[in-house]
Amino acid sequence: MLLLAVDTATPAVTVALHDGTAVVAESSQVDARRHGELLLPAVDRVLAEAGLKLDAVTDLVVGVGPGPYTGLRVGLVTAATFGSVLGVPVHGLCTLDGLAYASGIEGPFAVATDARRKEVYWARYDDFRTRAGEPGVDRPADIADELSGLPVVGAGALLYPDSFPEARGPEYQSAGALAALAAEKLAEGSAFLPPTPLYLRRPDAQVPKNYKVVTPK
């Protein structure tokens, strides 16, 4: 087994290789505006570090979000393209689940990432392997009472300390953690999400209300 994991649903452009036992190479760069520019060089870098070629990959794992529209699509399209070229399965995992797994927290907690517009993407967890319910998108103040007293992992929590006083790291996604979680799920025969974007709201870019279509006569 050789898993190639990618995630671009947060400002972290993160890639990792996992051999079914451990992470053998990983690269992460935080830059919210350069997902498309950074992802493929990161894939080349982890393959070179491991001394492997892309055709050695047996499975692909991709974070499906939730996340900002444009950045999220970069990882999903790249994973789909690799899967098609290599003829290997592409497994989807919730990005928040990767952050939860990386935290290693055994008791109840939550994960929150930055959703922009003064909101967070978030979910509750019973432990670092078990999500309790579906992800949501809300203003921090609107969920502060619900999450009161719980540790809250992720950049979204760290951005709003008044609402999440128990905020802690990891701040950003790690493809290594995502790959390790995927390896466990594959060994157990557990189901994955489809490798399609998990959007919780409309994209930031909208067609102007007074937009006029101009066509040549």
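In what follows, every heavy atom counts, from backbone to side chain, and hydrogens, waters and symmetry copies are set aside. One is the number of the first residue; the rest follow in order along the sequence.
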Residue pair Cys94 / Leu193: nearest heavy atoms and the distance that separates them: N-CD1, 3.6 Å
Closest non-hydrogen atom pair, Ala182 against Phe192: O-CZ, 3.6 Å
Side-chain heavy atoms of Leu150 within contact of Arg124, under 4.5 Å: yes
Close side-chain approach of Leu93 and Lys185, heavy atoms under 4.5 Å: yes
Tyr121 side chain vs Gly156 backbone, donor-acceptor pair below 3.5 Å: no
Under 3.5 Å: donor-acceptor pair, side chain of Ser163, backbone of Ala144: no
Side-chain donor/acceptor of Gln173 to backbone N/O of Thr95, under 3.5 Å: yes
Rounded distance (nearest 0.5 Å) linking atom CG of Leu186 with atom CG of Leu181: 9.5 Å
Polar side-chain atom of Glu49 near backbone of Ala25 as donor-acceptor pair, under 3.5 Å: no
Within-4.5 Å side-chain heavy-atom neighbours: Leu4 and Val15: yes
Ala179 to His18 - nearest heavy-atom pair and separation: CB-CB, 3.7 Å
Value rounded to 0.5 Å, distance of CG in Leu159 from CD in Glu171: 7.5 Å
Nearest-0.5 Å distance, CZ of residue Arg45 to CG of residue Leu40: 11.0 Å
Taking every non-hydrogen atom, the tightest pair across Arg131 and Ala123: CD-CB, 3.7 Å
In one Ile/Leu/Val/Met/Phe/Trp/Tyr side-chain cluster, 4.5 Å: Val111, Leu147: no
Side-chain heavy atoms of Phe82 within contact of Val6, under 4.5 Å: no
Check: Ser28 main-chain N/O paired with Thr14 side-chain donor or acceptor under 3.5 Å: no
Same apolar cluster: Leu3 and Val13, side chain cutoff 4.5 Å: no
Side chains of Ile143 and Val120 in contact at under 4.5 Å (non-hydrogen atoms): yes
ILVMFWY cluster, Val90 and Leu86 together (side-chain gap under 4.5 Å): yes
Gap separating the CG atom of Asp44 from the NZ atom of Lys53, nearest 0.5 angstrom: 9.5 Å
Reported CG-to-CD distance for the pair Asp138 and Glu119, which is rounded to 0.5 angstrom: 7.0 Å
For the student: nearest non-hydrogen atoms of Leu178 and Val62, plus distance: CD2-C, 4.1 Å
Minimum heavy-atom distance between Pro135 and Leu198, given as atom pair plus value: CG-CD2, 4.1 Å
Note, Thr78 side chain near Thr8 side chain (heavy atom, < 4.5 Å): no
Hphob cluster co-occupancy, Val46 + Leu2, side-chain heavy atoms under 4.5 angstrom: yes
His35 side chain vs Thr10 backbone, donor-acceptor pair below 3.5 Å: yes
Residue among Tyr125, Tyr101, Phe164, Phe128 satisfying ring pair (Phe, Tyr, Trp, His ring centres under 6.0 Å) with Phe109: Tyr125
Side chain to side chain, Trp122 and Val152, heavy atoms closer than 4.5 Å: no
Chi angles and distances behind the side chain to side chain contact (heavy atoms under 4.5 Å, CB included) call for Asp31, Glu37: CA-CA 10 Å; Asp31 192 326; Glu37 180 181 345; over 6 Å; no
Residue pair Gln29 / Arg34, side-chain heavy-atom distance below 4.5 Å: no
Cluster check Val24, Leu54: I/L/V/M/F/W/Y, side chain < 4.5 angstrom: yes
Rounded distance [0.5 Å steps], OG1 in Thr130 versus CD in Glu106: 9.5 Å
Audit row: Leu60, Val88, side chain to side chain contact (heavy atoms under 4.5 Å, CB included) steps and yes/no: CA-CA 7 Å; Leu60 285 144; Val88 301; 3.7 Å; yes
Donor-acceptor contact present, side-chain Ser84 to main-chain Ala80, <3.5 Å: no
